[in-house]
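Data first, discussion second: the structure below is written as structure tokens.
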Amino acid sequence: TAPERDPQMLNLNFAERVVIDTIAQDWQPSPKAGVWRKPLAREAAEQGHATSIVRYDPGSAFPEHDHPLGEEILVLEGTFSDHTGDYPAGTYFRNPPGFRHAPFSNEGCVILVKLHQFQPDDAAKVTVDTTTAAWQPGHGNLEVMPLHDFKGEHVALVRWPAGERFQRHVHVGGEEIYVISGELIDEHGRYRAGTWLRSPHFSQHTPRVETETILWVKTGHLPVAAGHAADG
């Protein structure tokens, strides 16, 4: 018989395209009062693979815990803190497998969090202040701010000037996007700020924007054995 599916499991079929307007989602309580979540993908309630938007109310904290397969965070609002320092809005950081901390926020914060998703030998501790890091020329008129690269996995911010269009392209190893500001548009829909998208291996689209738009983009990290059919 097939193993029983964990009722907490969410969006773990990486062959499926997922689009979530996180602004329209309701906050869900975490085990710690004052810390709230909007789950985007989840393997189990409090362990394993998870991608979420998390809000810390002012003065809230989370108990000490470890990260067996790493933690990746983009601070969207406020200041996130732990024993290693304070990370204000615009900070991107990666805590490698085995890292342990007790995070808190004095002023409150909202963060995009990815847990238990590192490649086992990706041991780099990464911290980037995206408010001061340099933009680099990208394809066409795009500008790119590289954040992390490891064995085919690429993470970057991408800035689109108003009216920019990009050629149709295929996502080898998939693509994951969080719209930080502006609005991304393709043949499948329109995605305002706060939207999270995950497109499978070999999916393709023709994106464009009407207004200046900034995206957090991760590519090359999804299973290549799943979802070989294009999504458009």
Side-chain angles (χ1 to χ4, degrees), residues 19-20 22-23 40 51-54 70-82 84-96 99 109-115 117-119 122-186 190-199 203 205-222:
V19 179
I20 298 177
T22 71
I23 303 301
L40 307 177
T51 299
S52 309
I53 304 295
V54 176
E71 173 185 56
E72 179 178 17
I73 288 178
L74 178 65
V75 184
L76 303 173
E77 302 174 19
T79 300
F80 176 91
S81 303
D82 64 14
T84 65
D86 299 321
Y87 303 95
T91 306
Y92 170 82
F93 61 95
R94 299 172 66 90
N95 293 320
F99 180 81
C109 66
V110 177
I111 57 179
L112 171 66
V113 186
K114 296 179 67 64
L115 303 176
Q117 298 173 45
F118 282 32
Q119 299 178 56
D122 185 356
K125 168 72 171 165
V126 175
T127 305
V128 180
D129 180 354
T130 70
T131 66
T132 59
W135 291 95
Q136 302 177 10
H139 294 288
N141 295 310
L142 299 181
E143 292 181 294
V144 177
M145 183 185 295
L147 300 175
H148 186 64
D149 289 279
F150 187 82
K151 292 186 177 179
E153 176 182 324
H154 306 283
V155 188
L157 295 190
V158 182
R159 184 161 63 191
W160 295 60
E164 184 71 4
R165 292 175 176 266
F166 198 74
Q167 72 267 25
R168 189 169 182 83
H169 59 281
V170 176
H171 304 132
V172 177
E175 179 184 58
E176 191 172 339
I177 290 173
Y178 182 81
V179 183
I180 296 174
S181 63
E183 183 184 47
L184 181 67
I185 306 166
D186 66 12
R190 304 174 75 104
Y191 317 104
R192 66 174 179 170
T195 302
W196 176 77
L197 307 91
R198 193 185 68 205
S199 300
S203 60
H205 68 158
T206 310
R208 63 184 179 91
V209 302
E210 294 173 349
T211 61
E212 181 179 274
T213 298
I214 297 178
L215 310 174
W216 174 91
V217 181
K218 178 193 282 278
T219 58
H221 63 301
L222 299 179

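Throughout, residue positions are numbered sequentially from 1 according to the sequence presented. These figures come from a predicted structure and were not determined experimentally.
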Excluding sequence neighbours, so at least two apart, what forms salt bridge (charged side-chain N to carboxylate O under 4.0 Å, His left out) with K151?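 D121.
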According to salt bridge (charged side-chain N to carboxylate O under 4.0 Å, His left out), who are the partners of E183, at least two apart in sequence or on a separate chain?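 Per chain and number, E183 pairs via salt bridge (charged side-chain N to carboxylate O under 4.0 Å, His left out) with R190.
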Heavy-atom side-chain contact between [X] and [Y] under 4.5 Å:
{"X": "V155", "Y": "F150", "answer": "no"}
{"X": "R198", "Y": "L40", "answer": "no"}
{"X": "L215", "Y": "Y191", "answer": "no"}
{"X": "E175", "Y": "V217", "answer": "yes"}
{"X": "T91", "Y": "F80", "answer": "no"}
{"X": "T206", "Y": "D186", "answer": "no"}

Aromatic contact between H169 and H205, with the criterion being ring centroids under 6.0 Å apart: yes or no?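 Between H205 and H169, which both carry aromatic rings, the centre distance is below 6.0 Å.
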Return yes if a side-chain donor-acceptor contact under 3.5 Å exists between W216 and E176, otherwise no.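 Note: W216 and E176 side chains miss the donor-acceptor criterion.
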Donor-acceptor pair between H171 and S203 side chains, under 3.5 angstrom: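 The answer is yes; a qualifying pair exists.
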Under the rule for side-chain contact (heavy atoms from CB on, under 4.5 Å), what residues qualify as partners of Q117, not counting sequence neighbours?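 Checked Q117 against side-chain contact (heavy atoms from CB on, under 4.5 Å); matches are H49, T51, K114.
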Partner of R159 under side chain to side chain donor-acceptor pair (under 3.5 Å), chosen from E143, E164, E212: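 For R159, the side chain to side chain donor-acceptor pair (under 3.5 Å) test succeeds with only one of E143, E164, E212, which is E143.
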Let me know which of H148, H154, E153 forms a side chain to side chain donor-acceptor pair (under 3.5 Å) with K218.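 When H148, H154, E153 are each tested with K218, the side chain to side chain donor-acceptor pair (under 3.5 Å) holds only for E153.
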Working to the nearest 0.5 Å, report the span between OH of Y92 and CG of L74.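 Rounded to the nearest 0.5 Å, the OH-CG separation comes out at 8.5 Å.
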Return yes if some donor-acceptor pair links the side-chain N/O of T213 with the main-chain N/O of T211 below 3.5 Å, else return no.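 Side chain of T213 to backbone of T211, a donor-acceptor pair under 3.5 Å: yes, one is there.
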So, for D86 and P88, which heavy atoms are closest and what is the spacing to 0.1 Å?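 That would be O-CD, 3.6 Å.
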Testing the basics here: between H139 and F166, what is the closest heavy-atom pair and its distance to 0.1 Å?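 Minimum heavy-atom contact is CB-CE1, 3.4 Å.
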